[in-house]
Amino acid sequence: MRPATIVPGVFAVGAIDWNRRLFDSLIPLPDGTSYNSYLIQASEKTVLIDTVDPVMTQDLFNHLDQLGVKKIDYVVANHAEQDHSGSIPAVLAKFPEAKVLCSTKCKPFLMDLLQVAEGRIQEVQDGETLSLGNRTLKFIYTPWVHWPETMVTYLIEEKILFSCDFFGGHLAGTDLFVTDESQVYEASKRYFAEIMMPFRTNIEKDLDKLKDIPIEFIAPSHGPVHNHPEFIMKHWRSWVTDEPRNIAIIVYVSMHGSTALMVNHLAQALGGKGVEVKVFDLTVTDLGKLAMALVDAATIVIATPTVLAGPHPNAVAATVLANALRPRLKYATIIGSYLWGGKTVETLKALIPNLNVELFEPILIKGLPKEADYASLDKLADIIAEKHQPLTKALPVKVTCDTKI
Ligand code: FEO
């Protein structure tokens, strides 16, 4: 790969990780990812904006060598996480005059995570500008996207916002700019759902901070550069502020088919009453897809058999994840099958303190569902559909499932 030119003197010099399939040992990356780093060559100073994951340092160095870079004055660390800062120690070793510029909170993170020497780090303040000669950088603190130290860097003359994780999406590809908006939308929403959703309130403030800044390009540190930035800014705003939609999620595990029968019945009943339903089989589901569904859904139904006196461990994991992501859900309930007892409902209820939801009466049945059980599920569907009445319609109404039930 060769470095790509955004505008003369501003280059994309990062790395594409085609084969990475898991991030944080948790998040699936169906489309790989990129670790974008950018080089600004100005009349007096040369600046590297963010670096790359340390496994791909050599790609970064190859790009810098191709551009004939002999000296770097500053390395901007918009965010301390290792996929962007992990190559800083190697960059500082290769360019001994370089200083790291970062937010006040980022400095100790870089020292703790990467053992960067304090003397190589220079803090920048929110709103501070730095002249590079014929170009000027402005540093804007945007905390909690998705760590407390995050900031963005704005190149004033070219109106380029280097946003790091903000407006990013895990997507490997050779296109410098966005060419397929639907693909980028999917990757960006997945990314927002997986790590940004718990910080909606902070991110809304960060979006407000950027709204009066003229931006021609958003250059994130994952995925392609946005040359029509309004596209991605509009979607982030909507994910952060929109009300939940007329969507019910059913996450389920079934050991011998009883819970699956309940799920199937409830899904069909809800679909028949105009509620969009998304069903996730937790033995095979892509957690990223579940997280994406949680961005918009109003209701979650956790469906689990009772095993070892409590909910199935897969149901526990999904419930813990939903609680941690703090989606805007309004309603929740628990359904499932058991035979002789257990603490399924109590255990699951205790796992969702972050969800500000109205909890509908759980439906736990013995063994295979009987007519009275199906009638209870119909009643539950009535309640959910009625509660969803005032919500934005998710048309056309669909029932989707990531595996056959
Ligand atoms: Fe892409 Fe928060 O690191």
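Order of listing sets the numbers, starting from 1, for every ligand and every atom in it.
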Practice task
Begin from the C-alpha positions of E149 and K107 and carry the test salt bridge (Lys or Arg N to Asp or Glu O under 4.0 Å) through to its verdict.
Solution key: CA-CA 9 Å; E149 87 299 3; K107 181 177 173 180; over 6 Å; no
Practice task
For D126 and K209, run salt bridge (Lys or Arg N to Asp or Glu O under 4.0 Å): C-alpha distance rounded to whole Å, both residues' side-chain angles, the deciding distance at 0.1 Å, then the answer.
Solution key: CA-CA 11 Å; D126 186 23; K209 224 168 158 180; 2.8 Å; yes
Practice task
Report yes or no: does H79 have an N/O/S atom closer than 2.8 Å to atom 2 (Fe) of ligand 1?
Solution key: yes
Completion exercise
Which atom of E81 is nearest atom 2 (Fe) of ligand 1, counting N, O or S only? It is OE1
Handout entry: Residue D165 atom name (nearest to atom 2 (Fe) of ligand 1; N/O/S)
Key = OD2
Fill in the blank from the handout: The atom of D83 among N, O or S that is nearest atom 1 (Fe) of ligand 1 is OD2
Problem - Heteroatom test (N, O or S) for H222 near atom 1 (Fe) of ligand 1, limit 2.8 Å - result: yes
Handout entry: Ring geometry between W147 and H79 (parallel below 30°, tilted from 30 to 60°, perpendicular above 60°)
Key = perpendicular
Practice task
Inspect the contact between E386 and K273 and indicate whether a charged nitrogen and a carboxylate oxygen are less than 4.0 angstrom apart.
Solution key: no
Handout entry: Candidate list D17, D165, N36, test side chain to side chain donor-acceptor pair (under 3.5 Å), partner H222, passing option
Key = D165
Completion exercise
Here the N/O/S atom of H84 closest to atom 1 (Fe) of ligand 1 would be NE2
Practice task
Give a yes or no on whether a salt bridge exists between R190 and D286, defined as a side-chain N under 4.0 angstrom from a carboxylate O.
Solution key: yes
Handout entry: Backbone or side-chain N/O/S of H146 under 2.8 Å of atom 2 (Fe) of ligand 1
Key = yes
